Each structure stands twice: as structure tokens, then as C-alpha cells.
Protein chains: 2
Amino acid sequence: MVKYQKISNEIRKRIADGYYSSDQPIPDEITLAKEFGCSRMTMKRALDILVSEGVLFRKRGHGTFIIKSCMQNTINVVDRETLGLSNLLKGKDVTSKVIKFEVKFPSEEVAEQLSIDRTTPVYEVIRLRIVDKEPYVIEQTYMPTTLLPGINETVLHSSVYKYITETLGLTIAGSHRKIRASKPTQLDQEYLECAPDDPVLEVEAVGFLNNGSPFEYSFSRHRYDKFVFTTVNIRR
Amino acid sequence: MVKYQKISNEIRKRIADGYYSSDQPIPDEITLAKEFGCSRMTMKRALDILVSEGVLFRKRGHGTFIIKSCMQNTINVVDRETLGLSNLLKGKDVTSKVIKFEVKFPSEEVAEQLSIDRTTPVYEVIRLRIVDKEPYVIEQTYMPTTLLPGINETVLHSSVYKYITETLGLTIAGSHRKIRASKPTQLDQEYLECAPDDPVLEVEAVGFLNNGSPFEYSFSRHRYDKFVFTTVNIRR
DNA sequence: CAGTGGTCTAGACCACAAT
DNA sequence: TTGTGGTCTAGACCACTGT
């Protein structure tokens, strides 16, 4: 943990604790820098994190203020989903049922999203993720076999994320995602136990490693009553 | 436009033009800094923007690389929705039908989200937004009358965003959003012209000004076949 | 004018990875 | 060891705001 992160965490904690009034600006950057024994640039960087999180905002010529509406927020359900569901819901009882596990040549769409050609085999995995005994999400995932060798049912039953990062020593860099509402498929109705008129929240994602290669193209279909996707949007 | 933005734009353009090979790292920060006549910190900042956009990623000890999967992306449908729908769909024919326009005391939930007490009147607006003659989204919006005086039917028929920024001279700072799938209500079916089993994509948002005050609490309900929410997620 | 945040610099040292 | 990006500094100057 580097200095700007420590400072950022401390300020975040202070805000949560009500240490600073939300009607007044927090102390100016130079004062805070002195308090934390760092340069103004480092202080600014610590505050930048909180601005990007939607906790603080700045007003040039005025000061830095707390965004009131950030307090009454529930848990951030997503926004860090590339950490893998097992991590996201740490503390919960997460299990997986493997519905499909095959190796095949990719469709044109899948090949394009994974930046591979159609002769590179991919895993096709369909898994039902179960949280505290309740069906939570059905994930359909395509992964290049070349990039992620050695995936098997054992891996699928625990954590693919863990396998990629720990066993293969790869680093996940991020993802591009699309979110839409959808009608339930037969599979959804069967495994998510939803009614024919229950909508489904679908998250389409391309995940990529820190070497730039897409490592997964996935469709996560969630029960509409158990999943909310949250984001923060800060204008610049 | 400041230096790091100009540089950032130039690099983005080069990537789009295929000026840099996506298999090789782009030139290192010091080399680029020399080329652009800036310090390394400024160069880093320019590249930071592209990293946050999911265009580049860095690998310590290696270099900075292009994310291949960023190329085949369609238009970013959202992510800048705080600009207002009129701006988002510029060039399209956007009209509004005002379904409800009242002033009332807020419910507990609305008061909490807007950080006001229950004695501060709010506008309640329900608008159908129509894009190129097709129903696009129903927005139910609550706004404090104190913060946004003078809203009327004329404003609602053009752009509330424009009214807030230009007429009132306020600055929109950002928003917190939650996205979920939902069953269609009677209102949805009537105005969005969707079937009883067509799902709806709902975006719940709290928008806030650059003085930290929440200025709107809204529910935007979209036809499932006409709206996709896109995001980029970069790990740090 | 004074006080705030925004940008930019030149340079130092650290962390990581390949050679 | 070399070369990369990551962090941090001390200070300069600019832009905006309210007095």
C-alpha cells in the first residue's frame, strides 16, 4: 500500500465517520498535505481517488466538498466484478453447477470478441452460480484454450479467477461490459427458477489480461430480483 | 484544452489510425515526452486517460500496450448520460411528451435521496422521450424546487439539462446509478408500447451538482430492445 | 486582492521484468 | 544490469472565485 492510497483510505474513513462537515469544504490541499507529511501532488492524487469514487468533488477557487448523496448508498454490488464472483461475494456460500463444458471452434462473433481466428479452439462453459443455496446467475463463457490451458471441471467448481491469477500467474486488467434486459430463455427458467415473464439482467463482458489479450467473452444472466448493477459517473 | 488532453487525443487518433502496432508496446514514456515536448509526468497523465478509457494498459517493466478488444466496439451508448438525452442523441430527432408534472412534498425515500427534508417541495415529472418517432424511454424524475426554480412545461419539452446549465448557470458534477431489469408497468406498456412480457431496463440515478447537492432522483425505464448500457472497468 | 484547485516541470528513487 | 512504468517531491505558474 503506497502513500496516496493510505491517505485516501484515511480520508474516506473520516468522511464515513462524519469527521468532516458535509456543508463545509474539507481542509485545502496544502493544509492536508502538511498534516499527512506529503507533497501537494500526492495529496491531490489521494483526493483524486475519492473524486473518482463519487465521494468528493472539487470547485476551483472554492475548495473540496463531500458529496452528500454518496452516504446513503447500499453496497456496491458490482463495479469490481472482474475480481470474480467468488471474491465479490466473499463470506457468502458460493457454489457452482457446471451445465456445459466443451471445447469447440468459435463462432465468428466469439472469435472476433476474443481477437482470435476461427481455428483456435475455445472452451464453452455454462455455469450456474449458487449463493447461499439460491440460484444467482447463469454464466455462459468462452475462453481461448491457448491462453488459459488446463481448465477442467475442478477449476470450474471453484474459482476460474483464482486459477487464472494464481495457478497461471496471469493478471486481469479489466473489462468492457454491456448491460441489457432480456426475456428469460428456457435455460434461465430452468436453472434460475424464474417464471416465463420474469425479466433477466444480462451483462455481456469481454475481459482482458494485462497483456491486452481478451481472455473471456461472457454472458451473465441474473435474476431480476437479486441483482443490481451500480456505477458512478463523474464528469470531467 | 490543456496539454495532456491534446497529447491524449493525438495518441488516441494514432491508435485508431493503426499508427502503432498492437503487438508491440508503444514508445516508452520518456521517448514520447520528448516527442511531445513535455515532462514525463504530463506524458503519463495523457496516457492515464487512455488507460482509464480501456484503450491502453501498462505492464511495469515492459511497456504500454494497446488493448485489442477496444477496437471492435460499437458506440458507447451511455456513460455520459448526465449530459442529458438531448445531447446524447444529438443529430436524432428527440421530442418529449409530458405525462405528469406536479409539485408535491417528497416521500421519505425521495427526500433522503435528494438530501432534503420532507417539507421541501419537489417537482415530480414523468416524461416519455421519443427518438425518431419511436418511444425510447420513460423518465420519472424528482427535483427539489428550491434548487431548480422555474421549471415549467416549456423546459420539459426541450432540455432540462440545458435549462440547468445555461439558464440557471449550474454545473452538473456526476451521478450515482443503479441498473436493473424490471417487469413492465401499466405506464410502460402504454407509452413504451411494449408487451406485458417485455422486460424493461431501469436506470435509477441520483445526479448531483458541483456544489454537492443532489438535483435529481430519477428512474429511466427503457425498452429492452432499444437500449444497452455500456461501461469500461479497469483494475488498478 | 487572497485563497482555492489545475497544470506542468525536472528530477529523484522504487518496483518489476527481461537479459 | 538495463529499461520499463510507479511514486513522490518542491516548486512554479495559471484559472477561477469571492472579498
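A note on names: the letters A, B, ... follow the listed sequences, proteins ahead of strands, and every chain is numbered from 1. All values reported here derive from a predicted model rather than from experimental measurement. Atoms considered below: every heavy atom in the structure, side chains included; atoms not considered: hydrogens, waters and symmetry mates.
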Establish, yes or no, whether the cationic atom of B/R45 lies under 6.0 Å from the six-membered ring centre of B/Y4 and within 45° of the ring axis.
yes
Atom-to-atom span, CD1 of B/I26 to P of D/dG3 - whole angstrom
19 Å
Let me know the distance between CZ of B/F36 and P of C/dT9, rounded to the nearest Å.
13 Å
Within a 6.0 Å radius of atom CD on B/E108, are there more than 12 heavy atoms belonging to other residues, nucleotides or ligands?
no
To the nearest Å, give me how far apart CD1 (A/I7) and P (D/dC8) are.
8 Å
For B/E102, I'd like to know if atom CD has over 12 heavy atoms of other residues, nucleotides or ligands within 6.0 Å.
yes
One should read off an interatomic distance between A/R40 CZ and A/K34 NZ, to the nearest 0.5 angstrom, of 12.0 Å
Within this structure, what is the NZ-to-C1' distance between A/K3 and D/dC8, rounded to whole angstrom?
7 Å
At under 4.0 Å, does any side-chain N or O of A/Y4 touch on OP1 or OP2 of D/dC8?
no
From CZ of B/F57 across to C1' of D/dT4 the rounded distance in Å is 13 Å
Nearest to the side chain of A/R45, which nucleotide is it out of D/dG5, D/dT7, C/dC8?
D/dT7
I need a per-nucleotide contact map over nucleotides 10-17 of chain C, read 5' to 3'. Cutoff is protein heavy atoms under 4.0 Å; write B for the base, S for backbone only, - otherwise.
BBB--BBS
How would you list, by chain and number, every residue that makes a ring-ring contact (aromatic ring centres under 6.0 Å, His included) with B/F219, sequence neighbours excluded?
B/Y217
Can you check the A/Q24 CD to C/dT4 P distance for me, whole Å?
13 Å
Could you walk me through whether B/R12 and B/S8 pass the side-chain contact (heavy atoms from CB on, under 4.5 Å) test, one step at a time?
CA-CA 6 Å; B/R12 192 188 297 99; B/S8 178; 3.7 Å; yes
Phosphate-side-chain proximity, A/T64 and C/dT4, N/O vs OP1/OP2 below 4.0 Å:
no
Roughly, in whole Å, what's the span from CE in B/M43 to C1' in C/dT7?
15 Å
Atom CG of B/D48 and atom C1' of C/dT7 are separated, to the nearest Å, by 14 Å
Measure the acute angle between the ring planes of A/F227 and A/Y136, then classify it against the limits of 30° and 60° as parallel, tilted or perpendicular.
perpendicular
Nearest-nucleotide pick for A/K44, side chain only, options being D/dT9, C/dG5, D/dG5:
C/dG5
Look at B/R58 and D/dT4 and indicate whether a side-chain polar atom (N or O) is within less than 4.0 Å of OP1 or OP2.
no
